[in-house]
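The structure appears below as C-alpha coordinates.
Not measured: the values here are computed from a predicted model. Below, read A as the first sequence line, B as the second, and so on, with proteins coming before strands; counting in each chain starts at 1.
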Amino acid sequence: MVEALRIAPTPSLRAWADAKGYSSELVARWASFYPHIVELVKALERPPPRYIRLNPLAGDPQMTLNRLAQKGFEYEATAIDGGYLLHNEPFAVGATEEYLLGLYHIQDLSSQLAVVALEPQPHERVLDLAAAPGGKTIQIAQAMKNTGVIRAFDIDPTRSKAMRSNLGRCGVTNTIVHVAPGQDAARFEAWADRILLDAPCTGEGVIQRDPRRKRGSLTEYESCAKDQRELMDAAVKALKPGGVLVYSTCTLAPEENELQVQDALESHNLKLEPLPDPLAERAVGPQPLLAGLTRISQHELDPQIQLTRHALPHLNNCLGFYLARFRKGANE
Amino acid sequence: VIHITDGQRAELAAAVDAWQPGFLDQIEDRWSLAIICETSEDRIKWAVTSPEAAQDLERPQDGTIASAGLPMGDVRRGRWKPTLDAARLLARAGCRRRVRVASELVQPFLYGRRLDNPKLLGSTGEWSDGDTVLIEAPNGDMLGLAKLVIPHEVRVTRLEPVHDLGWYLREGG
(Lines give C-alpha, C1' and ligand atoms only; values in the text may rest on other atoms or scores of the structure.)
Protein backbone atom coordinates (compact mmCIF):
# COMPACT_ATOMS: atom_id res chain seq x y z
CA MET A 1 0.00 0.00 0.00
CA VAL A 2 1.53 3.27 -1.12
CA GLU A 3 0.38 6.42 0.56
CA ALA A 4 0.86 9.54 -1.49
CA LEU A 5 3.29 12.06 -0.05
CA ARG A 6 1.27 15.17 0.67
CA ILE A 7 2.96 18.55 0.71
CA ALA A 8 0.74 21.48 1.60
CA PRO A 9 0.97 24.23 -1.03
CA THR A 10 1.58 27.77 0.17
CA PRO A 11 -1.16 30.25 -0.74
CA SER A 12 1.01 31.90 -3.38
CA LEU A 13 1.96 28.58 -4.93
CA ARG A 14 -1.70 27.52 -4.93
CA ALA A 15 -2.70 30.69 -6.76
CA TRP A 16 0.14 30.33 -9.26
CA ALA A 17 -0.60 26.64 -9.96
CA ASP A 18 -4.32 27.35 -10.36
CA ALA A 19 -3.58 30.12 -12.82
CA LYS A 20 -1.51 27.71 -14.88
CA GLY A 21 -4.21 25.03 -14.75
CA TYR A 22 -2.25 22.62 -12.54
CA SER A 23 -3.26 20.79 -9.40
CA SER A 24 -1.60 22.80 -6.63
CA GLU A 25 -0.92 19.60 -4.67
CA LEU A 26 1.03 18.26 -7.64
CA VAL A 27 3.08 21.42 -8.04
CA ALA A 28 3.76 21.63 -4.31
CA ARG A 29 5.21 18.13 -4.43
CA TRP A 30 7.41 18.91 -7.43
CA ALA A 31 8.63 22.08 -5.76
CA SER A 32 9.79 20.08 -2.77
CA PHE A 33 11.50 17.37 -4.87
CA TYR A 34 13.05 19.17 -7.84
CA PRO A 35 15.02 22.38 -8.45
CA HIS A 36 13.66 25.42 -10.31
CA ILE A 37 9.92 24.73 -10.15
CA VAL A 38 9.06 27.80 -12.22
CA GLU A 39 11.37 26.65 -15.00
CA LEU A 40 9.97 23.11 -14.77
CA VAL A 41 6.38 24.28 -15.22
CA LYS A 42 7.42 26.64 -18.03
CA ALA A 43 9.06 23.71 -19.81
CA LEU A 44 5.93 21.60 -19.35
CA GLU A 45 3.94 24.32 -21.11
CA ARG A 46 6.10 24.20 -24.25
CA PRO A 47 5.47 21.74 -27.09
CA PRO A 48 7.77 18.75 -26.62
CA PRO A 49 10.94 18.76 -28.71
CA ARG A 50 11.02 16.21 -31.51
CA TYR A 51 13.74 13.57 -31.59
CA ILE A 52 14.50 10.83 -34.11
CA ARG A 53 16.76 7.80 -33.96
CA LEU A 54 18.58 6.60 -37.03
CA ASN A 55 18.19 2.94 -37.84
CA PRO A 56 21.37 1.22 -39.05
CA LEU A 57 19.37 -2.02 -39.51
CA ALA A 58 17.62 -0.45 -42.52
CA GLY A 59 20.26 1.83 -44.05
CA ASP A 60 23.44 3.81 -43.65
CA PRO A 61 22.82 6.51 -40.99
CA GLN A 62 24.88 9.17 -42.78
CA MET A 63 22.91 8.60 -45.96
CA THR A 64 19.68 9.02 -43.98
CA LEU A 65 20.88 12.34 -42.56
CA ASN A 66 21.83 13.54 -46.04
CA ARG A 67 18.43 12.64 -47.41
CA LEU A 68 16.63 14.45 -44.58
CA ALA A 69 18.86 17.51 -45.05
CA GLN A 70 18.03 17.55 -48.76
CA LYS A 71 14.36 17.72 -47.83
CA GLY A 72 14.94 20.71 -45.59
CA PHE A 73 15.02 19.03 -42.18
CA GLU A 74 17.45 20.63 -39.74
CA TYR A 75 18.81 18.57 -36.87
CA GLU A 76 21.46 18.37 -34.21
CA ALA A 77 23.22 15.32 -32.77
CA THR A 78 22.39 14.53 -29.14
CA ALA A 79 24.56 12.97 -26.43
CA ILE A 80 23.06 9.62 -27.39
CA ASP A 81 24.68 7.89 -30.35
CA GLY A 82 22.24 7.82 -33.28
CA GLY A 83 19.81 10.26 -31.64
CA TYR A 84 19.02 13.63 -33.25
CA LEU A 85 17.01 16.67 -32.15
CA LEU A 86 14.96 18.20 -34.97
CA HIS A 87 15.11 21.98 -35.24
CA ASN A 88 13.08 22.37 -38.40
CA GLU A 89 10.44 20.10 -39.92
CA PRO A 90 9.31 21.37 -43.33
CA PHE A 91 6.60 18.71 -43.06
CA ALA A 92 5.83 15.93 -40.57
CA VAL A 93 8.88 13.76 -40.05
CA GLY A 94 6.55 10.75 -39.82
CA ALA A 95 5.35 11.33 -43.37
CA THR A 96 8.53 10.87 -45.39
CA GLU A 97 9.60 8.10 -47.71
CA GLU A 98 12.61 7.61 -45.41
CA TYR A 99 10.27 6.94 -42.49
CA LEU A 100 8.36 4.39 -44.58
CA LEU A 101 11.66 2.70 -45.42
CA GLY A 102 12.49 2.40 -41.72
CA LEU A 103 15.60 4.54 -41.99
CA TYR A 104 14.70 6.19 -38.67
CA HIS A 105 12.04 6.16 -36.04
CA ILE A 106 10.60 8.88 -33.87
CA GLN A 107 11.60 8.49 -30.24
CA ASP A 108 11.94 11.02 -27.45
CA LEU A 109 15.41 11.46 -26.02
CA SER A 110 14.21 10.35 -22.58
CA SER A 111 13.06 6.99 -23.84
CA GLN A 112 16.35 6.48 -25.69
CA LEU A 113 18.13 6.79 -22.33
CA ALA A 114 16.54 3.60 -21.02
CA VAL A 115 18.22 1.44 -23.66
CA VAL A 116 21.54 3.20 -23.18
CA ALA A 117 21.22 2.28 -19.50
CA LEU A 118 20.41 -1.33 -20.39
CA GLU A 119 23.52 -1.81 -22.64
CA PRO A 120 22.16 -4.82 -24.55
CA GLN A 121 24.83 -6.90 -26.31
CA PRO A 122 24.74 -9.08 -29.44
CA HIS A 123 23.52 -12.67 -28.96
CA GLU A 124 21.93 -12.01 -25.57
CA ARG A 125 18.41 -12.77 -24.36
CA VAL A 126 16.47 -9.64 -23.49
CA LEU A 127 13.01 -9.08 -22.06
CA ASP A 128 11.22 -5.82 -22.85
CA LEU A 129 8.19 -5.38 -20.60
CA ALA A 130 5.35 -2.97 -21.46
CA ALA A 131 7.08 -2.62 -24.82
CA ALA A 132 4.54 -1.03 -27.21
CA PRO A 133 4.76 0.92 -29.45
CA GLY A 134 8.24 -0.56 -29.80
CA GLY A 135 10.67 2.38 -30.04
CA LYS A 136 12.85 1.00 -27.30
CA THR A 137 12.54 -2.54 -28.68
CA ILE A 138 13.90 -1.30 -32.02
CA GLN A 139 16.75 0.43 -30.22
CA ILE A 140 17.56 -2.79 -28.32
CA ALA A 141 17.56 -4.73 -31.60
CA GLN A 142 19.93 -2.14 -33.08
CA ALA A 143 22.35 -2.56 -30.17
CA MET A 144 22.15 -6.36 -30.54
CA LYS A 145 22.66 -6.07 -34.32
CA ASN A 146 19.49 -8.12 -34.80
CA THR A 147 21.08 -11.18 -33.13
CA GLY A 148 20.04 -12.99 -29.96
CA VAL A 149 16.42 -12.80 -28.95
CA ILE A 150 14.11 -10.17 -27.51
CA ARG A 151 10.79 -11.11 -26.00
CA ALA A 152 8.60 -8.01 -26.02
CA PHE A 153 5.46 -8.01 -23.86
CA ASP A 154 2.52 -5.66 -24.03
CA ILE A 155 -0.98 -6.21 -22.76
CA ASP A 156 -2.72 -3.90 -25.27
CA PRO A 157 -3.58 -5.62 -28.59
CA THR A 158 -3.94 -2.34 -30.52
CA ARG A 159 -0.63 -0.96 -29.33
CA SER A 160 0.98 -4.36 -29.92
CA LYS A 161 -0.20 -4.26 -33.52
CA ALA A 162 1.42 -0.86 -33.94
CA MET A 163 4.57 -2.29 -32.39
CA ARG A 164 4.64 -5.16 -34.90
CA SER A 165 4.30 -2.68 -37.75
CA ASN A 166 7.12 -0.57 -36.36
CA LEU A 167 9.38 -3.58 -35.89
CA GLY A 168 8.68 -4.72 -39.45
CA ARG A 169 9.24 -1.26 -40.91
CA CYS A 170 12.60 -1.04 -39.16
CA GLY A 171 13.67 -4.56 -40.19
CA VAL A 172 13.82 -6.10 -36.70
CA THR A 173 14.14 -9.88 -36.98
CA ASN A 174 15.13 -10.99 -33.48
CA THR A 175 11.93 -10.19 -31.58
CA ILE A 176 9.07 -12.34 -30.37
CA VAL A 177 6.01 -10.26 -29.50
CA HIS A 178 3.68 -11.41 -26.72
CA VAL A 179 0.29 -9.80 -26.25
CA ALA A 180 0.20 -10.37 -22.51
CA PRO A 181 0.77 -8.51 -19.26
CA GLY A 182 4.40 -8.14 -18.31
CA GLN A 183 3.65 -10.12 -15.15
CA ASP A 184 3.48 -13.21 -17.41
CA ALA A 185 7.22 -12.92 -17.96
CA ALA A 186 7.71 -14.57 -14.56
CA ARG A 187 7.36 -17.96 -16.23
CA PHE A 188 10.62 -17.33 -18.13
CA GLU A 189 12.50 -18.09 -14.96
CA ALA A 190 16.18 -17.03 -15.00
CA TRP A 191 15.95 -16.68 -18.79
CA ALA A 192 17.04 -13.12 -19.50
CA ASP A 193 20.49 -11.59 -19.56
CA ARG A 194 18.88 -8.16 -19.44
CA ILE A 195 15.41 -6.79 -18.79
CA LEU A 196 13.94 -3.41 -19.55
CA LEU A 197 10.95 -2.67 -17.36
CA ASP A 198 9.54 0.64 -18.57
CA ALA A 199 6.68 0.51 -16.13
CA PRO A 200 3.18 1.86 -16.76
CA CYS A 201 2.87 4.96 -14.58
CA THR A 202 0.89 8.12 -13.92
CA GLY A 203 2.82 9.89 -16.69
CA GLU A 204 3.54 13.18 -14.93
CA GLY A 205 6.64 13.48 -17.08
CA VAL A 206 4.67 13.56 -20.34
CA ILE A 207 2.34 16.48 -19.57
CA GLN A 208 3.68 18.17 -22.71
CA ARG A 209 1.97 15.41 -24.69
CA ASP A 210 -0.99 14.80 -22.42
CA PRO A 211 -2.06 17.97 -20.56
CA ARG A 212 -4.82 16.09 -18.70
CA ARG A 213 -2.08 15.03 -16.30
CA LYS A 214 -1.84 18.60 -15.03
CA ARG A 215 -4.75 17.88 -12.76
CA GLY A 216 -3.78 14.31 -11.90
CA SER A 217 -5.03 12.93 -8.62
CA LEU A 218 -2.66 11.76 -5.91
CA THR A 219 -4.81 8.67 -5.47
CA GLU A 220 -3.58 7.26 -8.81
CA TYR A 221 -0.18 6.40 -7.36
CA GLU A 222 -1.58 3.50 -5.41
CA SER A 223 -2.85 1.44 -8.33
CA CYS A 224 0.19 2.23 -10.49
CA ALA A 225 2.58 1.34 -7.69
CA LYS A 226 0.85 -2.01 -7.17
CA ASP A 227 1.30 -2.92 -10.86
CA GLN A 228 4.87 -1.68 -10.80
CA ARG A 229 5.69 -3.89 -7.83
CA GLU A 230 4.15 -6.94 -9.51
CA LEU A 231 6.07 -6.23 -12.69
CA MET A 232 9.29 -5.83 -10.71
CA ASP A 233 8.72 -9.19 -8.99
CA ALA A 234 8.13 -10.87 -12.35
CA ALA A 235 11.20 -9.22 -13.86
CA VAL A 236 13.47 -10.30 -11.03
CA LYS A 237 12.22 -13.86 -11.41
CA ALA A 238 12.89 -13.85 -15.17
CA LEU A 239 16.38 -12.37 -14.78
CA LYS A 240 19.46 -14.61 -14.68
CA PRO A 241 21.69 -14.28 -11.62
CA GLY A 242 24.19 -11.57 -12.49
CA GLY A 243 21.80 -10.08 -15.06
CA VAL A 244 20.93 -6.42 -15.52
CA LEU A 245 17.49 -4.93 -14.91
CA VAL A 246 16.65 -1.36 -15.90
CA TYR A 247 13.56 0.08 -14.26
CA SER A 248 12.17 3.25 -15.80
CA THR A 249 9.06 5.40 -15.70
CA CYS A 250 7.88 8.63 -17.30
CA THR A 251 6.64 10.15 -14.07
CA LEU A 252 7.95 12.64 -11.53
CA ALA A 253 6.31 10.86 -8.58
CA PRO A 254 8.74 9.34 -6.05
CA GLU A 255 6.09 6.78 -5.07
CA GLU A 256 6.62 5.25 -8.50
CA ASN A 257 10.36 5.94 -8.70
CA GLU A 258 12.69 6.08 -5.70
CA LEU A 259 10.21 4.40 -3.34
CA GLN A 260 9.71 1.53 -5.80
CA VAL A 261 13.47 1.16 -6.08
CA GLN A 262 13.78 1.17 -2.29
CA ASP A 263 11.13 -1.53 -2.09
CA ALA A 264 12.95 -3.63 -4.73
CA LEU A 265 16.25 -3.33 -2.84
CA GLU A 266 14.54 -4.50 0.35
CA SER A 267 12.57 -7.32 -1.29
CA HIS A 268 15.10 -8.83 -3.70
CA ASN A 269 18.76 -9.64 -4.03
CA LEU A 270 19.42 -6.59 -6.18
CA LYS A 271 22.05 -3.89 -6.13
CA LEU A 272 21.99 -0.58 -7.92
CA GLU A 273 24.75 0.22 -10.41
CA PRO A 274 25.94 3.54 -11.81
CA LEU A 275 24.38 4.27 -15.19
CA PRO A 276 26.80 3.99 -18.11
CA ASP A 277 28.16 7.03 -19.92
CA PRO A 278 26.87 9.53 -20.82
CA LEU A 279 24.02 9.14 -18.33
CA ALA A 280 25.91 9.21 -15.04
CA GLU A 281 27.89 12.46 -15.27
CA ARG A 282 27.85 14.11 -18.69
CA ALA A 283 25.29 16.56 -20.01
CA VAL A 284 22.24 15.05 -21.69
CA GLY A 285 20.60 18.01 -23.33
CA PRO A 286 21.67 21.24 -21.63
CA GLN A 287 22.59 19.67 -18.29
CA PRO A 288 23.50 16.33 -16.64
CA LEU A 289 20.68 14.12 -15.39
CA LEU A 290 19.57 14.72 -11.82
CA ALA A 291 20.61 12.17 -9.18
CA GLY A 292 17.87 10.13 -7.49
CA LEU A 293 16.45 11.52 -4.26
CA THR A 294 17.62 9.79 -1.08
CA ARG A 295 15.49 11.80 1.31
CA ILE A 296 11.83 12.31 0.52
CA SER A 297 9.70 14.00 3.12
CA GLN A 298 10.20 11.87 6.26
CA HIS A 299 11.61 8.91 4.26
CA GLU A 300 15.36 8.31 4.49
CA LEU A 301 16.21 6.03 1.57
CA ASP A 302 19.07 3.68 0.72
CA PRO A 303 22.09 5.81 -0.29
CA GLN A 304 22.53 3.64 -3.40
CA ILE A 305 19.48 5.40 -4.82
CA GLN A 306 21.62 8.42 -5.64
CA LEU A 307 22.93 6.26 -8.53
CA THR A 308 19.52 6.48 -10.20
CA ARG A 309 18.76 9.43 -12.47
CA HIS A 310 15.94 11.78 -13.47
CA ALA A 311 15.64 13.39 -16.89
CA LEU A 312 13.62 16.60 -16.51
CA PRO A 313 12.11 18.79 -19.23
CA HIS A 314 13.76 22.02 -18.02
CA LEU A 315 17.20 20.50 -17.41
CA ASN A 316 17.47 18.03 -20.27
CA ASN A 317 15.06 19.31 -22.96
CA CYS A 318 13.11 16.06 -23.08
CA LEU A 319 10.09 14.46 -21.46
CA GLY A 320 10.35 13.65 -17.74
CA PHE A 321 11.84 10.21 -17.12
CA TYR A 322 13.37 8.16 -14.31
CA LEU A 323 16.00 5.43 -14.61
CA ALA A 324 17.48 2.85 -12.25
CA ARG A 325 19.89 0.09 -13.20
CA PHE A 326 20.03 -3.01 -10.98
CA ARG A 327 22.30 -6.06 -11.00
CA LYS A 328 20.84 -9.29 -9.69
CA GLY A 329 22.91 -11.12 -7.09
CA ALA A 330 23.90 -14.77 -7.37
CA ASN A 331 21.51 -16.09 -4.73
CA GLU A 332 18.17 -14.58 -5.71
CA VAL B 1 5.39 -21.81 -34.49
CA ILE B 2 7.78 -24.50 -35.60
CA HIS B 3 10.89 -25.09 -37.60
CA ILE B 4 10.22 -25.95 -41.17
CA THR B 5 10.20 -29.60 -42.30
CA ASP B 6 11.85 -30.80 -45.51
CA GLY B 7 8.51 -31.25 -47.25
CA GLN B 8 7.27 -27.82 -46.26
CA ARG B 9 10.55 -26.32 -47.29
CA ALA B 10 10.26 -27.83 -50.76
CA GLU B 11 6.74 -26.45 -51.13
CA LEU B 12 7.79 -23.07 -49.83
CA ALA B 13 10.92 -22.96 -52.02
CA ALA B 14 8.90 -23.70 -55.14
CA ALA B 15 6.51 -20.84 -54.41
CA VAL B 16 9.26 -18.42 -53.42
CA ASP B 17 11.49 -19.30 -56.40
CA ALA B 18 8.80 -17.94 -58.68
CA TRP B 19 9.67 -14.58 -57.21
CA GLN B 20 13.38 -14.95 -56.67
CA PRO B 21 15.22 -18.21 -57.32
CA GLY B 22 17.33 -19.29 -54.35
CA PHE B 23 15.73 -16.72 -52.02
CA LEU B 24 15.43 -19.13 -49.09
CA ASP B 25 19.11 -20.07 -49.35
CA GLN B 26 19.96 -16.41 -49.54
CA ILE B 27 18.00 -15.71 -46.34
CA GLU B 28 19.82 -18.44 -44.47
CA ASP B 29 23.30 -18.20 -45.94
CA ARG B 30 23.75 -14.55 -46.78
CA TRP B 31 21.80 -12.96 -43.95
CA SER B 32 22.19 -15.77 -41.37
CA LEU B 33 18.48 -15.76 -40.61
CA ALA B 34 16.33 -18.74 -39.68
CA ILE B 35 13.08 -19.67 -41.41
CA ILE B 36 10.13 -20.59 -39.22
CA CYS B 37 6.60 -21.43 -40.19
CA GLU B 38 3.12 -22.15 -38.96
CA THR B 39 1.12 -24.55 -41.07
CA SER B 40 -2.50 -25.38 -41.48
CA GLU B 41 -4.25 -27.67 -43.94
CA ASP B 42 -3.95 -25.40 -46.94
CA ARG B 43 -1.34 -22.82 -46.14
CA ILE B 44 2.17 -22.16 -44.89
CA LYS B 45 2.59 -18.93 -42.98
CA TRP B 46 6.27 -18.15 -42.69
CA ALA B 47 8.65 -15.69 -41.10
CA VAL B 48 12.36 -15.08 -40.69
CA THR B 49 14.08 -14.64 -37.34
CA SER B 50 17.49 -14.61 -35.77
CA PRO B 51 18.73 -18.21 -35.23
CA GLU B 52 18.62 -17.65 -31.46
CA ALA B 53 14.97 -16.60 -31.59
CA ALA B 54 14.11 -19.64 -33.69
CA GLN B 55 15.90 -21.87 -31.19
CA ASP B 56 14.10 -20.21 -28.32
CA LEU B 57 10.77 -20.95 -29.97
CA GLU B 58 11.50 -24.67 -29.56
CA ARG B 59 10.68 -24.42 -25.85
CA PRO B 60 7.04 -24.92 -24.90
CA GLN B 61 5.10 -21.73 -25.69
CA ASP B 62 1.83 -20.37 -24.47
CA GLY B 63 -0.84 -18.78 -26.61
CA THR B 64 0.31 -15.21 -26.13
CA ILE B 65 2.77 -14.98 -29.04
CA ALA B 66 1.45 -12.54 -31.65
CA SER B 67 4.46 -12.62 -33.96
CA ALA B 68 8.05 -13.77 -34.23
CA GLY B 69 10.63 -12.09 -36.42
CA LEU B 70 9.66 -10.58 -39.75
CA PRO B 71 6.45 -11.98 -41.25
CA MET B 72 7.01 -13.07 -44.86
CA GLY B 73 3.43 -13.94 -45.84
CA ASP B 74 1.42 -17.00 -46.75
CA VAL B 75 1.81 -19.73 -49.36
CA ARG B 76 -1.51 -21.15 -50.57
CA ARG B 77 -1.97 -23.50 -53.48
CA GLY B 78 1.65 -23.04 -54.45
CA ARG B 79 1.49 -19.23 -54.62
CA TRP B 80 3.26 -16.90 -52.26
CA LYS B 81 1.75 -13.55 -51.24
CA PRO B 82 4.66 -11.55 -49.84
CA THR B 83 4.18 -9.04 -47.03
CA LEU B 84 5.64 -5.57 -47.23
CA ASP B 85 8.45 -6.77 -44.94
CA ALA B 86 9.14 -9.61 -47.35
CA ALA B 87 9.16 -7.12 -50.22
CA ARG B 88 11.93 -5.20 -48.50
CA LEU B 89 14.03 -8.36 -48.26
CA LEU B 90 13.25 -9.23 -51.87
CA ALA B 91 14.46 -5.80 -52.92
CA ARG B 92 17.70 -6.31 -50.99
CA ALA B 93 18.08 -9.67 -52.70
CA GLY B 94 17.86 -7.98 -56.10
CA CYS B 95 14.47 -9.42 -56.97
CA ARG B 96 13.94 -9.65 -60.71
CA ARG B 97 10.24 -8.70 -60.68
CA ARG B 98 10.66 -4.96 -60.46
CA VAL B 99 9.11 -1.89 -62.02
CA ARG B 100 10.65 1.56 -61.59
CA VAL B 101 8.18 4.42 -61.72
CA ALA B 102 8.73 8.10 -62.46
CA SER B 103 9.27 10.45 -59.54
CA GLU B 104 5.87 12.15 -59.88
CA LEU B 105 4.20 8.78 -59.26
CA VAL B 106 5.98 8.04 -55.97
CA GLN B 107 3.68 10.00 -53.66
CA PRO B 108 0.42 8.92 -55.36
CA PHE B 109 1.53 5.29 -55.10
CA LEU B 110 2.53 5.63 -51.46
CA TYR B 111 -0.85 7.12 -50.68
CA GLY B 112 -2.64 4.17 -52.23
CA ARG B 113 -3.58 5.54 -55.65
CA ARG B 114 -3.97 3.19 -58.58
CA LEU B 115 -1.59 4.18 -61.37
CA ASP B 116 -3.19 4.09 -64.81
CA ASN B 117 -0.83 4.07 -67.79
CA PRO B 118 2.05 4.99 -65.51
CA LYS B 119 5.27 6.50 -66.76
CA LEU B 120 7.88 3.81 -66.18
CA LEU B 121 11.61 4.33 -66.03
CA GLY B 122 12.43 0.65 -66.37
CA SER B 123 11.52 -2.88 -65.46
CA THR B 124 13.13 -6.29 -65.06
CA GLY B 125 11.85 -9.85 -65.16
CA GLU B 126 8.90 -11.44 -66.83
CA TRP B 127 5.32 -11.35 -65.72
CA SER B 128 1.83 -11.79 -66.88
CA ASP B 129 -1.51 -10.22 -66.22
CA GLY B 130 -2.42 -10.34 -62.54
CA ASP B 131 1.12 -10.85 -61.25
CA THR B 132 2.47 -8.83 -58.34
CA VAL B 133 5.71 -6.87 -58.71
CA LEU B 134 7.98 -4.67 -56.61
CA ILE B 135 7.62 -0.98 -57.25
CA GLU B 136 10.73 1.19 -57.07
CA ALA B 137 11.30 4.92 -56.92
CA PRO B 138 13.74 6.46 -59.43
CA ASN B 139 16.49 6.32 -56.78
CA GLY B 140 15.93 2.57 -56.25
CA ASP B 141 13.93 2.82 -53.00
CA MET B 142 11.49 -0.04 -52.65
CA LEU B 143 8.05 1.54 -52.35
CA GLY B 144 5.84 -1.50 -52.12
CA LEU B 145 4.04 -4.14 -54.12
CA ALA B 146 1.56 -3.68 -56.90
CA LYS B 147 -0.66 -5.92 -58.96
CA LEU B 148 -0.15 -5.54 -62.68
CA VAL B 149 -3.09 -5.41 -65.00
CA ILE B 150 -1.94 -5.91 -68.60
CA PRO B 151 -4.79 -6.07 -71.08
CA HIS B 152 -2.57 -6.34 -74.14
CA GLU B 153 0.24 -8.43 -72.63
CA VAL B 154 3.02 -6.11 -73.75
CA ARG B 155 2.35 -2.82 -72.11
CA VAL B 156 1.85 -2.20 -68.44
CA THR B 157 -1.31 -0.25 -68.21
CA ARG B 158 -2.20 -0.29 -64.56
CA LEU B 159 -0.47 -0.73 -61.19
CA GLU B 160 -2.67 -1.37 -58.18
CA PRO B 161 -1.07 -1.07 -54.72
CA VAL B 162 -1.29 -4.33 -52.78
CA HIS B 163 -0.79 -2.85 -49.31
CA ASP B 164 -2.03 0.32 -47.71
CA LEU B 165 1.38 1.93 -47.50
CA GLY B 166 -0.11 5.27 -46.68
CA TRP B 167 -0.91 3.95 -43.22
CA TYR B 168 2.68 4.55 -42.18
CA LEU B 169 2.68 8.02 -43.60
CA ARG B 170 -0.67 9.01 -42.15
CA GLU B 171 0.01 7.53 -38.71
CA GLY B 172 3.73 8.10 -38.58
CA GLY B 173 4.90 10.30 -35.73
Side-chain angles (χ1 to χ4, degrees), chain A residues 50 52 58-59 67 86 89 91-107 122-125 133 141 144-155 157 160-181 184-185 187-188 191, chain B residues 1 27 31-36 47-73 83-89 91-92 103 106-107 109-111 136-144 163-173:
Chain A
R50 185 93 104 147
I52 60 168
R67 290 177 62 148
L86 291 180
E89 279 185 65
F91 52 96
V93 75
T96 68
E97 198 178 308
E98 288 74 18
Y99 180 79
L100 175 74
L101 294 169
L103 296 175
Y104 60 86
H105 55 110
I106 301 163
Q107 189 183 1
H123 303 291
E124 287 187 329
R125 290 171 166 183
M144 295 169 74
K145 303 187 191 310
N146 246 342
T147 65
V149 54
I150 304 168
R151 284 190 183 261
F153 281 73
D154 203 279
I155 193 171
S160 296
K161 191 177 171 196
M163 170 162 66
R164 297 206 302 277
S165 292
N166 284 328
L167 297 177
R169 185 176 55 81
C170 290
V172 173
T173 56
N174 66 346
T175 300
I176 300 166
V177 174
H178 294 258
V179 180
D184 277 13
R187 65 191 172 76
F188 290 92
W191 178 87
Chain B
V1 181
I27 286 171
W31 296 319
S32 303
L33 293 168
I35 293 167
I36 58 171
V48 297
T49 68
S50 64
E52 291 100 328
Q55 195 176 14
D56 209 59
L57 287 165
E58 287 177 0
R59 60 186 283 151
Q61 307 294 325
D62 63 13
T64 66
I65 294 179
S67 69
L70 277 182
M72 293 287 107
T83 60
L84 188 56
D85 299 325
R88 291 195 186 94
L89 278 187
R92 278 174 60 193
S103 58
V106 170
Q107 285 300 320
F109 180 77
L110 289 179
Y111 280 88
E136 284 182 343
N139 64 1
D141 286 346
M142 201 288 294
L143 302 175
H163 299 105
D164 178 14
L165 302 170
W167 182 86
Y168 285 109
L169 302 175
R170 290 192 301 274
E171 301 297 320

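Distance CD/A/Glu98 to CG/B/Asp141: 7.0 Å, rounded to 0.5 Å.
In this structure, no portion of A/His105 lies under 4.5 Å from any heavy atom of chain B. For a residue to count as touching a neighbouring chain, one of its non-hydrogen atoms must lie under 4.5 Å from one of that chain's; by this rule A/Phe188 touches chain B with backbone and side chain alike. Contact annotation for A/Arg187: both backbone and side-chain heavy atoms come within less than 4.5 Å of a heavy atom of chain B. Neither the backbone nor the side chain of B/Ala47 comes within contact range of chain A, judged by heavy atoms closer than 4.5 Å. B/Leu70 touches chain A through backbone and side chain together, each having a heavy atom under 4.5 Å away.
Between the side chain of B/Ser50 and the backbone N or O of A/Gly148, at least one donor-acceptor pair lies under 3.5 Å.
Ranked by heavy-atom pairs under 4.5 Å with chain B, the list A/Leu167, A/Asp184, A/Ile52, A/Thr173 is led by A/Thr173. Counting heavy-atom pairs closer than 4.5 Å to chain A, the top residue among B/Gly69, B/Ser67, B/Pro71 is B/Ser67. Taking chain A as the reference chain and counting heavy-atom pairs below 4.5 Å, the highest number among B/Arg92, B/Glu52, B/Arg59, B/Met142 is found for B/Glu52.
Minimum interatomic distance between A/Leu100 and B/Leu143 (heavy atoms only, all atoms of both residues): CD2-O, 4.2 Å. Nearest approach of A/Gly168 to B/Arg88, heavy atoms of both residues: O-NH1, 3.4 Å.
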For residues 174-181 of chain A, which side-chain donor-acceptor pairs fall under 3.5 Å, sequence neighbours excluded?
{"from": "A/Asn174", "atom 1": "ND2", "to": "A/Thr147", "atom 2": "O", "distance (Å)": "2.8"}
{"from": "A/His178", "atom 1": "ND1", "to": "B/Thr64", "atom 2": "OG1", "distance (Å)": "2.8"}
{"from": "A/His178", "atom 1": "NE2", "to": "A/Arg151", "atom 2": "NH1", "distance (Å)": "2.8"}

